[in-house]
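What follows is one structure encoded as structure tokens, with my remarks underneath.
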Amino acid sequence: MSTQKNFTLAVVGGDGIGPEVTAEALKVLDAVSAVHGVTFERTEYDLGAKRWHETGETLPDAELAEIRKHDAILLGAVGDPTVPSGVLERGLLLKLRFALDHYVNLRPSKIYPSVGSPLASPGEVDFVVVREGTEGPYVGNGGALRVGTPAEIATEVSVNTAYGVERVVRDAFARAQARPRKKLTLVHKNNVLVHAGHLWKRTVDAVATEFPDIAVDYLHVDAATIFLVTDPARFDVIVTDNLFGDILTDLAAAISGGIGLAASGNINPDRTAPSMFEPVHGSAPDIAGQQKADPTAAILSAALLCDHLGLTEAAAAIEAAVTADIEERTAGGTRTTSEIGDAIAKRAAG
Ligand SMILES: NC(=O)c1ccc[n+]([C@@H]2O[C@H](COP(=O)([O-])OP(=O)(O)OC[C@H]3O[C@@H](n4cnc5c(N)ncnc54)[C@H](O)[C@@H]3O)[C@@H](O)[C@H]2O)c1
Ligand SMILES: CC(C)[C@H](C(=O)O)[C@@H](O)C(=O)O
Ligand SMILES: [Mg+2]
């Protein structure tokens, strides 16, 4: 348990359902902080589509510098149909991840008792995806020639450095070692992406010699999608690159209760900058502003935030409250976003 009692939190609600689900996560944080004797001093940042329309800004450097001073960041979602695709995703979300060196994008997946799953036999779904967060095709290394002509050429180069791959692989091994099953699966596509894929494979093989108790497996990403659906119990820790990790974690969410339950942490393991916690889902413009969004992913992201800050009991209280709430959901009935948040906050406060 942390000895620190007062924490500062930068809050970026963002777009669409982002502010709605973030409000519920904050409600739950308030409930547990009262019980566990800690405080979260919040600063809200009005970043996202509205701000961009008003000023043309996505994330000014001065604001990034302010955000950097906090103990952690809670983010809702960014992206809006009225803003050109990529402007906010790259200019706000990825700018935060890259600038704050969130090289571990941690995305746990587990099936809660009584939760619905499309799997014929869900078995045990309890794995964590360690998605690289600062490299790969996300770095913006590319361009387009002769745009809009029949001769257009577009490139999006995936950048993988030995430094970047090794640090995330090392983190994934350490996480595997802390889990009972002690298994790590590298997911890549080294039968085709031979340059990047072989760097990842060689790195995993090299780091594996330092972790002799970890069982190491390799899957091509296409086959990994099969096994996520047919045999999810084979996964414990998955380590993969930025883009494969993005895709696999939406699939992981779909097999383990839905995207409304999937939480994530953008972690800076070296603690040189604050880590950022957000649902795996996006701004869901199709249901925004209607109190239809499930805030559970945002609430579980707040639990990951507590865990990262050393508030393990608060994190466990939120997890337990969510588990109990999910069990009750099978009784039926439709609740609004804030009704779900109220119910979980009440339980978390014990
Ligand atoms: N981390 C982020 O901020 C993030 C993540 C993904 C997508 N995006 C952005 O969000 C926008 C919409 O993207 P998309 O439609 O591809 O993905 P999305 O995750 O926003 O929505 C996909 C589907 O899931 C549903 N959904 C998502 N969250 C839900 C919740 N909490 N409760 C119930 N249903 C939920 C939506 O209604 C939609 O039908 C785009 O601008 C995209 O770039 C942002
Ligand atoms: C919005 C986008 C940049 C983001 C990603 O690809 O990482 C999202 O899909 C996610 O999963 O957090
Ligand atoms: Mg995604």
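Note that the numbering runs from 1 along the sequence shown for the chain. Just follow the structure's listing: the first ligand is 1, and inside any ligand the first atom is 1.
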Mind checking whether D15 and L88 have side chains closer than 4.5 Å, heavy atoms only? yes
query = Can you tell me if R97 has a non-hydrogen atom under 4.0 Å from ligand 2?
reply = yes
Should E328 and R347 count as an ion pair when the cut-off is N to O under 4.0 Å?
-> yes
From the list R179, K182, K183, salt bridge (Lys or Arg N to Asp or Glu O under 4.0 Å) partner of D236 resolves to R179
For residues 236-279, the ring pair (Phe, Tyr, Trp, His ring centres under 6.0 Å) pairs (sequence neighbours left out) are H188-F244, F277-H308
Do any heavy atoms of I259 fall under 4.0 Å from ligand 1?
-> yes
For this session: Examine the side chains of T43 and H70 and answer whether a donor and an acceptor come within less than 3.5 Å of each other.
Result: yes
Between ligand 1 and P285, can you find any atom pair, the residue atom being a heavy atom, that is separated by under 4.0 Å?
yes
Sorted by chain and number, sequence neighbours left out, side chain to side chain donor-acceptor pair (under 3.5 Å) with K201 holds for D205
The protein heavy atom nearest to atom 39 (O) of ligand 1 is D286 OD2, 2.8 Å
Legend entry - Polar contact flag for E89 and ligand 2 (N/O pairs, less than 3.5 Å): no
**Report entry** Residues E132 and N105: side-chain donor-acceptor under 3.5 angstrom
**Finding:** no
By side chain to side chain donor-acceptor pair (under 3.5 Å), Y218 pairs with (sequence neighbours left out) N190, H220
For Y138, the ligand 2 atoms with a heavy-atom partner under 4.0 Å come out as 5 (C), 6 (O), 7 (O)
For the Mg ion (ligand 3) the protein N, O or S atom count under 2.8 Å stands at 1
